[in-house]
Amino acid sequence: PLGCDCTLKGLYIHFGNKNSRTSSTNMSIDIFKNQTQQNDPMTGNASGSGGNSYIVSKTNYNINFSAGDTFNVRVEW
C-alpha cells in the first residue's frame with residue numbers, strides 16, 4: 001500500500017533484454033489501482049534496441065492515489 005496521497009504522472013520501465021530481442025511485437029503495460037485496471041495502457045516493443053537493454057516510458061498519466069491504495073503494474077508480451 002502507498003504511504004501517502006499522490007498522483008502517478010509517468011512510468012519508466014527498464015528492460016534488460018536477456019534474450020536480445022529486436023522484435024516489433026508490442027507488449028502491453030497496464031496500471032492497476034486497488035486491483036482495478038486503469039483504462040490508460042501503454043505499449044512498447046524492442047524494435048530499435050539493437051538487442052540491447054531499453055526503456056519504455058509514458059509521461060502523461062494522471063492517476064490519483066490515496067494513502068493505503070495499492071499500485072500494481074502488469075506487463076504482457
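Ile63 contributes atom CD1, which lies 9.5 Å from atom CG of Asn39 (distance to the nearest 0.5 angstrom). In this structure, the separation between CG on Asn60 and NZ on Lys9 is 10.0 Å, given to the nearest 0.5 Å. Within the model, atoms CG of Asn34 and CG of Asp69 stand 4.0 Å from one another, a figure rounded to the nearest 0.5 Å. In this structure, CE on Met42 lies 4.5 Å from CD1 on Ile13, to the nearest 0.5 angstrom.
In this structure, Phe32 and Gln37 have side chains that are in contact, with non-hydrogen atoms separated by less than 4.5 Å. Looking only at side-chain heavy atoms (C-beta outward), Thr59 and Tyr12 come within less than 4.5 Å of each other. Residues Asn52 and Asn17 fail the side-chain proximity criterion, which asks for heavy atoms closer than 4.5 Å. Side-chain contact between Asn45 and Thr25: absent, with no pair of heavy atoms (C-beta onward) separated by less than 4.5 Å. Looking only at side-chain heavy atoms (C-beta outward), Leu2 and Thr70 stay at 4.5 Å or farther from each other.
For Asn64, the side-chain hydrogen bond (donor to acceptor under 3.5 Å, both in side chains) criterion is met by Thr7, not counting sequence neighbours. Contacts of Asp30 classified as salt bridge (Lys or Arg N to Asp or Glu O under 4.0 Å), with partners at least two apart in sequence or in another chain: Arg74. For Asp40, the side-chain hydrogen bond (donor to acceptor under 3.5 Å, both in side chains) partners at least two apart in sequence or on another chain are Lys58.
Put simply, the side chain of Ser28 never gets that close to the backbone of Pro41: no donor and acceptor are under 3.5 Å apart. A donor-acceptor distance shorter than 3.5 angstrom exists from the side chain of Gln38 to the backbone of Thr36, with no hydrogens or angles considered. The main-chain N or O of Arg21 is never found under 3.5 Å from a side-chain atom of Asn19 such that the two would form a donor-acceptor pair.
Considering every non-hydrogen atom in both Pro1 and Gly68, the closest pair reads CB-O, 3.6 Å.
Between Phe71 and Phe65, the ring-plane angle classifies as perpendicular under the 30° and 60° cut-offs.
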Quick one, Ile29 with Thr43, criterion side chain to side chain contact (heavy atoms under 4.5 Å, CB included). Give me CA distance, side-chain angles, the key distance, then yes/no. CA-CA 6 Å; Ile29 301 163; Thr43 59; over 6 Å; no
